[in-house]
Number of protein chains: 2
Amino acid sequence: MSDYISSNTMKRLPFYLEYLLKIRDEGIVNVSSKAIAVALNLGEVQVRKDLASISKNGRPKIGYEINSLIGDLQKFLGYKDLTDAVIFGAGKLGTALLDYNGFEECGLNVLMAFDSNPKKAGKSDSGKPIYTLDELPMIAKSMNISIAIIAVPAQHAQEVCDIIVENGIKAILNFAPVHLDAPKDVIIKNENLAYSLALLSIELKAKK
Amino acid sequence: MSDYISSNTMKRLPFYLEYLLKIRDEGIVNVSSKAIAVALNLGEVQVRKDLASISKNGRPKIGYEINSLIGDLQKFLGYKDLTDAVIFGAGKLGTALLDYNGFEECGLNVLMAFDSNPKKAGKSDSGKPIYTLDELPMIAKSMNISIAIIAVPAQHAQEVCDIIVENGIKAILNFAPVHLDAPKDVIIKNENLAYSLALLSIELKAKK
DNA sequence: TAGATTGTTAATCGATTAACAATC
DNA sequence: TAGATTGTTAATCGATTAACAATC
């Protein structure tokens with residue numbers, strides 16, 4: 001159980017968790033690194049190293065006790081104490097994200113959306129509130145928003161980013177296909193739908 | 001100009017392109033690796049290495065001629081000959097993707113969506129067709145679909161994946177939060193919205 | 001020419017994989 | 001005990017960074 005965990009390892013952890021939850025449903029109690037490796041198409045040493053970094057319940061000959069391992073993963077991934085996030089932009093993508101129900105099981109609480117257009121204000125299909133952008137400062141002050149999700153058109157993204165930063169939010173997931181400038185202490189992750197797809201397209205071409 | 005390009009480099013190329021397009025609009029004709037590095041928060045040697053892998057128009061003292069560099073990037077990224085993609089699942093996320101207009105400038109042509117529910121069949125807001133899943137075999141035969149995008153609920157994703165594979169599509173972008181099994185010659189990219197966000201949340205916690 | 005900037009070779013860094021001792 | 005499986009140390013691999021010669 002070492003102290004530093006690489007971001008590559010962190011990216012794999014949710015997949016281990018998902019797989020373990022699946023096989024637990026099938027009544028399996030213990031699992032070996034080899035079985036996990038085969039199922040997820042990884043190296044078995046890699047699996048052991050990854051798991052060793054967050055858990056110490058692997059036992060020679062027996063493998064890992066699934067329940068404990070799931071507990072360790074959930075604990076490390078913080079899937080219990082919810083983190084609050086809000087969405088900027090209540091267009092199609094924004095509302096799709098607002099009503100997407102896969103976030104909560106990952107410890108994320110998507111609370112509300114903001115849109116500059118007052119006509120969008122109100123409630124989403126699932127009943128979550130949509131506010132106008134003007135209302136952000138007030139709301140940001142009264143609650144602890146950890147993460148902002150940008151789902152506005154590219155041409156407004158930087159502007160919205162500036163507003164987010166001004167309101168003290170330190171982590172941004174950006175769906176707009178532009179590079180955002182922000183102070184260094186703000187973490188920005190770009191989640192460009194088109195680029196992921198383009199990358200897949202390039203790989204496909206390279207394979208031929 | 002070497003032959004092998006790492007996937008890390010490939011992920012950065014679209015950002016160079018985007019930045020170059022932006023500054024070309026501002027009337028800039030030449031740009032140095034240093035300027036690009038500062039703007040995109042990368043190392044300048046890394047920028048030079050990345051660019052050298054797809055272009056040979058950098059010149060000492062002068063830098064890169066923006067127009068040629070943009071051309072080289074677009075050519076390499078294949079942003080000219082469009083790749084055809086289709087979406088599975090015409091729910092919120094599926095229709096948001098169907099009507100998302102950022103794909104085309106990345107060389108991607110999102111043509112249509114499929115949904116198992118016949119009530120969803122018809123046209124999207126932007127006028128793209130939505131078919132029932134039954135119609136896939138016929139359509140897949142008559143045209144060359146390169147990429148499938150899975151935007152169905154998690155519990156149906158594997159089932160849809162199997163259908164996609166059966167119909168000869170070799171690249172899948174998966175938005176469902178489950179691991180998919182497919183033959184080795186099928187490229188699968190997982191684009192789990194919740195995980196990206198969860199990862200950001202973990203980083204944020206780690207920083208404190 | 002001198003200074004700036006490229007492209008490339010070598011050094012460093014980090015992540016993955018292989019080998020193997022520990023142990024159930 | 002013998003076999004299986006873990007965790008860890010060492011070796012390999014690949015990507016980033018530093019150093020520097022080439023050159024405009």
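A note on names: the letters A, B, ... follow the listed sequences, proteins ahead of strands, and every chain is numbered from 1. Worth saying up front: this structure is predicted, and the values here are computed from it rather than measured.
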Legend entry - Atom pair distance, as rounded to whole Å: CD in E44(A) and P in dT8(D): 16 Å
Legend entry - Residue A52(B), side-chain heavy atoms: nucleotide from dC20(C), dA15(D), dG7(C) that is nearest: dG7(C)
Inset, instruction - Could you check which of dC20(C), dC24(D), dG3(D) has an atom nearest any side-chain atom of K61(A)? - result: dG3(D)
Inset, instruction - Begin from the C-alpha positions of L51(B) and I36(B) and carry the test side-chain contact (heavy atoms from CB on, under 4.5 Å) through to its verdict. - result: CA-CA 11 Å; L51(B) 296 182; I36(B) 298 174; 4.0 Å; yes
Legend entry - OP1 or OP2 of dA15(D) under 4.0 Å from side-chain N/O of R12(B): no
Inset, instruction - Considering just the side-chain nitrogens and oxygens of S32(A), establish if one lies under 4.0 Å of OP1 or OP2 belonging to dT5(D). - result: no
Legend entry - Residue R59(A), side-chain heavy atoms: nucleotide from dC24(C), dA10(D), dA19(D) that is nearest: dC24(C)
Legend entry - 5' precedence on DNA chain C between N57(B) and S7(A) (nearest-nucleotide basis): N57(B)
Inset, instruction - Please lay out, stage by stage, how T95(B) and D125(B) fare under the test side-chain contact (heavy atoms from CB on, under 4.5 Å). - result: CA-CA 8 Å; T95(B) 51; D125(B) 288 358; over 6 Å; no
Inset, instruction - Grab the NZ-P distance between K11(A) and dT16(C) for me, whole Å please. - result: 10 Å
Legend entry - Distance-only side-chain donor-acceptor flag, N144(A) / D84(A), under 3.5 Å: no
Inset, instruction - Could you check which of dA18(C), dA10(C), dC24(D) has an atom nearest any side-chain atom of I62(B)? - result: dC24(D)
Legend entry - Residue K49(A), side-chain heavy atoms: nucleotide from dT9(C), dA10(D), dA15(D) that is nearest: dA10(D)
Inset, instruction - Identify which nucleotide among dA18(D), dT17(C), dT6(D) has an atom closest to any side-chain atom of S33(A), counting heavy atoms from C-beta outward. - result: dT6(D)
Inset, instruction - Test side-chain contact (heavy atoms from CB on, under 4.5 Å) on F88(A) and I163(A) and set out the steps. - result: CA-CA 10 Å; F88(A) 290 84; I163(A) 294 172; 5.5 Å; no
Inset, instruction - Walk me through it: do Y64(B) and R48(B) pass the test side-chain contact (heavy atoms from CB on, under 4.5 Å)? - result: CA-CA 10 Å; Y64(B) 301 85; R48(B) 282 206 293 281; 3.7 Å; yes
Inset, instruction - Please determine, for the side chain of P60(B), which listed nucleotide (dC24(D), dG7(C), dG7(D)) has the closest atom? - result: dC24(D)
Inset, instruction - Calculate the interatomic distance between Q46(B) atom CD and dA19(D) atom C1'; express it in whole Å. - result: 17 Å
Inset, instruction - For dA21(D), give its Watson-Crick or G-U wobble partner with both distances under 3.5 Å, or none. - result: dT6(C)
Legend entry - Derivation and outcome, salt bridge (Lys or Arg N to Asp or Glu O under 4.0 Å), residues K128(A) and D99(A): CA-CA 8 Å; K128(A) 288 184 181 172; D99(A) 291 340; 5.9 Å; no
Legend entry - Position toward the 5' end of DNA chain C (nearest nucleotide), D50(A) or G63(B): G63(B)
Legend entry - Integer-rounded Å distance: dC24(C) C1' and N30(A) CG: 12 Å
Legend entry - Atom-to-atom span, CG of N41(A) to P of dT16(C) - whole angstrom: 15 Å
Legend entry - N8(A) side-chain proximity, nearest of dA15(C), dC24(D), dT17(C): dA15(C)
Inset, instruction - Starting at atom CD of E65(A), determine the distance to atom P of dT5(D), rounded to an integer number of angstrom. - result: 17 Å
Legend entry - M10(B) CE to dA15(D) C1', straight-line distance once rounded to whole Å: 14 Å
Legend entry - Distance test, side-chain N/O of Y64(A) to OP1/OP2 of dG7(D), below 4.0 Å: yes
Legend entry - Any R48(A) side-chain N or O less than 4.0 Å from OP1/OP2 of dT6(D): yes
Inset, instruction - Could you tell me the separation between the CG atom of L69(A) and the P atom of dT6(D), rounded to a whole number of Å? - result: 11 Å
